[in-house]
Amino acid sequence: MTSVSAPPRVRFAPSPTGFLHVGSARTFIFNWLYTRHNHGVMVLRLDDTDVERNTDASVQSIFEGLRWLGLDWDEEYKQSERLDLHRKAAEAIFARGLAYRDFTPAHVDDDSPSASAHGAWLFNPGMREMSREESDRRAAAGEPFALRYRVPRGEGRILHFVDGVYGAQSRPADEVEDFALLRSAGAPKDRSSSLGLWDGMPTYHLASCVDDADLAISHIIRGQDHLTNTYKHLLIFEALGAPAPHFAHLPLLVAPDGAKLSKRKHGPVVSVTTYRDAGFLPQAFVNFLCLLGWSPKNDRDFLVLDEIRELFTLEGIHRANAVVNFTEEDPFDAKAVWLNAEHIRALPVDELSRCLTPFLAQAGFNPKPEKIAAVVPLIRERIKLLRDAVPAADFFFVPELAPYDPAELIPLKKGETTGDAALALRVLKTAREVLAATPFDHDSLDRALREAAASLGLKAGPMFQPVRVAVCGRKNAPPLFETLMVLGREVCLERIAQAIVLLQSLA
RNA sequence: GGCGCUAUCGUCUAGGGGUUAGGACGUGAGAUUCUCAAUCUUAAAACCCGGGUUCGAUUCCCGGUAGCGCUACCA
């Protein structure tokens with residue numbers, strides 16, 4: 001009852017067939033959370049048994065994505081380096097009579113599902129029941145074959161397991177097809193080894209289970225698309241003489257159309273680099289992904305990693321697929337964007353400054369860190385993505401304001417279509433005089449500008465707008481006094497002078 | 001086709017035999033303000049359908065429907 005169980009060994013096993021997918025990222029995050037919540041060991045394993053589709057570039061981009069997330073792991077393996085282990089395991093399973101050679105030529109997938117039109121294929125009797133002698137003879141003759149698991153049939157055997165998310169699951173073994181363990185090795189002449197009886201490449205099922213057993217993985221947390229594959233895996237663990245690990249399946253991430261997220265169908269929104277490049281903070285991205293299919297059950301949405309780790313349990317995982325709500329115009333889920341804005345606001349100024357620096361640099365701005373730090377408090381509540389900082393703050397960094405519509409210098413009363421240009425001109429001239437003579441601190445500017453407005457018989461609004469547009473080049477900008485301060489007197493006077501010229505030319 | 005999983009506001013979700021079905025994002029309205037943003041208040045918005053069990057079902061059971069997954073050498 002009180003026995004202390006060993007710390008869990010958990011793995012994340014992506015296959016490097018492209019960039020890091022948001023779905024994979026979420027699986028990684030959930031595995032990490034489970035591991036760290038339970039003080040276990042996190043194993044990262046590259047499942048690269050599909051030589052046709054795996055690329056080095058993909059391996060790089062997956063690591064890049066994982067590193068960006070900021071979650072760590074303790075051990076690292078590459079499945080392709082463990083090939084011998086897989087083949088030896090296959091041979092052992094064959095030796096125990098639990099698998100057989102299938103000499104059926106590997107069939108190319110034609111698009112027509114004709115073969116499975118009526119009921120599921122289970123096995124090929126001619127192959128399953130072939131005598132060992134004949135099988136050996138044909139293999140020795142160099143005839144290519146796949147190795148198939150001999151699923152127990154006619155014994156009324158029921159396979160079952162308790163899923164950490166979906167609960168008790170069971171299925172008669174008779175319904176499980178004789179799945180492949182080793183792919184056929186192709187034509188004999190392609191093989192370099194003299195004998196070459198077991199040089200087929202392992203399938204995912206075999207390699208994955210052999211490695212999970214060898215690495216003593218205790219908990220397999222993966223996408224729900226593997227739920228029904230689990231029966232095969234149970235059989236493999238059994239054949240290996242290894243205890244079956246615990247399984248937990250995660251609901252899938254789907255697009256608004258309900259389909260599983262795919263690059264071909266949904267474009268770059270399925271790649272975590274898209275989020276990174278747009279200026280998501282990794283902690284916000286993780287926060288968002290966690291909320292897709294998991295709930296802390298405390299009515300809170302904004303969570304930091306430490307809280308999530310403490311609150312995370314498999315019981316909190318929802319069983320239905322979760323929609324990532326994006327559209328073509330709006331590639332990011334609104335909640336992800338909101339969470340990002342929240343995390344941006346929660347960041348200390350110096351940290352946010354650091355995060356912003358590369359985005360500014362990309363736009364050609366390389367201001368001093370102190371300058372960025374001065375600007376950050378003015379824009380942090382006005383940006384949702386880091387990249388928004390560029391359009392929000394460019395006027396702080398450009399030597400010369402981009403051309404703007406001079407009409408914006410002229411305030412409009414509600415309902416009006418043309419404002420009082422002469423008045424705007426007077427405002428700017430007054431402002432220039434005032435700013436030339438006022439200390440550039442908040443209170444002084446506040447007092448001086450409001451007094452100037454009063455002297456012109458104006459309220460603050462119509463007084464501030466011309467000044468704001470003159471120094472920022474636009475109507476919507478951060479609060480005026482702070483903006484003037486960061487810009488400095490010299491720049492402000494210069495820009496107001498230019499605005500005056502602009503306004504005069506308009507008349 | 002077979003087998004499996006799932007079904008609460010537009011989206012993410014909480015809840016659970018008797019509730020005004022809760023929260024969040026988004027949306028509408030208002031407040032505040034030097035603009036924008038932020039903030040605050042507020043509104044609209046959901047239990048897939050049909051049976052059964054029950055005094056009572058959105059909740060439990062069955063069926064249907066729909067979506068998704070797996071289904072002869074992808075992972």
Side-chain angles (χ1 to χ4, degrees), chain A residues 13-15 17 47-50 52-53 102 104-107 109 113 115-124 127 144-148 163 165-166 169 171-172 175-185 200-205 207-208 222-232 249 251-252 254 256-260 288 291-302 318-326 333-339 341 345 379-384 392 411 446 449-450 453 459-465 467-469 472 474-481:
Chain A
S15 73
T17 55
D47 274 10
D48 53 353
T49 52
D50 187 351
E52 305 283 309
R53 293 163 61 207
D102 183 346
T104 312
H107 81 323
D109 272 322
S116 54
H118 300 288
W121 176 93
L122 289 177
F123 63 97
N124 207 331
M127 294 300 166
F145 61 88
L147 188 70
R148 283 187 187 285
D163 190 273
V165 171
Y166 290 91
Q169 304 289 315
R171 186 181 195 188
E175 290 178 9
V176 179
E177 76 277 8
D178 284 2
F179 54 93
L181 259 18
L182 246 28
R183 302 186 182 98
S184 70
M201 287 298 287
T203 61
Y204 161 76
H205 300 304
S208 169
R222 71 225 307 192
Q224 196 240 51
D225 46 348
H226 284 299
L227 190 65
T228 41
N229 283 332
T230 304
Y231 301 104
K232 298 172 192 165
H249 290 87
L252 264 21
V254 298
D257 63 6
K260 200 168 146 180
F288 169 65
L291 261 16
L292 255 23
W294 174 78
S295 168
K297 298 182 192 282
N298 62 183
D299 277 354
R300 293 189 49 220
D301 294 273
F302 175 83
H318 195 65
R319 283 186 280 266
N321 290 347
V323 174
V324 181
N325 205 8
F326 60 85
D333 192 305
K335 193 149 188 174
V337 173
W338 172 77
L339 279 169
R345 282 175 225 135
I379 62 167
R380 69 191 315 173
E381 287 184 350
R382 273 159 264 262
I383 61 175
K384 293 174 184 300
D446 189 328
L449 254 12
R450 284 183 199 280
K459 289 211 220 169
M463 175 75 202
F464 293 177
Q465 180 184 329
V467 181
R468 175 178 295 111
V469 174
C472 301
R474 72 177 77 116
K475 277 194 285 194
N476 298 339
L480 188 58
F481 313 131

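Labels below follow one simple rule: chain letters A, B, ... track the order of the sequence lines, proteins then strands, and each chain is numbered from 1.
- Although no hydrogens or angles enter the test, the distance criterion places a donor-acceptor pair under 3.5 Å between the side chain of N321(A) and the main chain of L252(A).
- K459(A) comes within 4.0 angstrom of no nucleic acid atom, judged by non-hydrogen atoms across all strands.
- Taking the side chain as every heavy atom from C-beta outward, T230(A) and H249(A) approach each other to under 4.5 Å.
- Rounded to a whole Å, the CZ atom of F179(A) is 13 Å from the C1' atom of rA72(B).
- Distance OH (Y231(A)) to P (rU71(B)): 14 Å, rounded to an integer number of Å.
- For A336(A), the side-chain contact (heavy atoms from CB on, under 4.5 Å) partners at least two apart in sequence or on another chain are F280(A), F288(A), D333(A).
- A straight line from CG of L252(A) to P of rC68(B) spans 11 Å, rounded to a whole angstrom.
- Ring orientation note: the planes of Y204(A) and H226(A) are close to parallel, at an angle under 30° on the 30°/60° scale.
- Here rC74(B) presents its C1' atom at 11 Å from NZ of K232(A), a figure rounded to the nearest Å.
- Each of A259(A) and P202(A) lies near RNA chain B, and the nucleotide nearest A259(A) is the one positioned closer to the 5' end.
- With sequence neighbours excluded, the residues satisfying side-chain contact (heavy atoms from CB on, under 4.5 Å) with D301(A) are L291(A), K335(A), W338(A).
- To the nearest angstrom, P of rG69(B) lies 16 Å from OH of Y204(A).
- Residue H226(A) is in base contact, counting any heavy-atom pair closer than 4.0 Å across all strands shown.
- Base contact: A146(A) has a heavy atom under 4.0 Å from a base atom.
- For R345(A), the side-chain contact (heavy atoms from CB on, under 4.5 Å) criterion is met by A341(A), E342(A), E381(A), not counting sequence neighbours.
- Ion pairing between a basic and an acidic side chain is recognised when a charged N comes within 4.0 Å of a carboxylate O; E177(A) and R148(A) show no such pairing.
- In this structure, K260(A) and T17(A) both approach RNA chain B, and ranking their closest nucleotides by distance from the 5' end singles out K260(A).
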Open item on the list: Protein within reach of the bases, or only the backbone? For nucleotides 5-14 of chain B, mark each nucleotide 5' to 3' as B, S or -, using heavy atoms under 4.0 Å.
Closed with: SSS---SBSS
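- Taking atom CG of N229(A) as the reference point, atom C1' of rC74(B) lies 11 Å away to the nearest angstrom.
- Interface remark: the T203(A) side chain does not form any donor-acceptor pair with the rC73(B) base, using a distance-only criterion of under 3.5 Å.
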Task: Letter per nucleotide, 5' to 3', of nucleotides 28-46 of chain B [B base touched, S only sugar-phosphate touched, - untouched; heavy atoms, 4.0 Å] - done: ------BBBBSS-------
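- Within the nucleic acid shown, R171(A) comes within 4.0 Å of sugar-phosphate atoms alone, with no base atom in reach, counting heavy atoms only.
- Residues satisfying the side-chain hydrogen bond (donor to acceptor under 3.5 Å, both in side chains) criterion with R319(A), sequence neighbours excluded, are absent altogether.
- Rounded to whole angstrom, the span from the CG atom of N298(A) across to the C1' atom of rA24(B) amounts to 11 Å.
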Open item on the list: Does F464(A) form a side chain to side chain contact (heavy atoms under 4.5 Å, CB included) with R450(A)? I'd like the steps, not just the answer.
Closed with: CA-CA 9 Å; F464(A) 293 177; R450(A) 284 183 199 280; 4.2 Å; yes
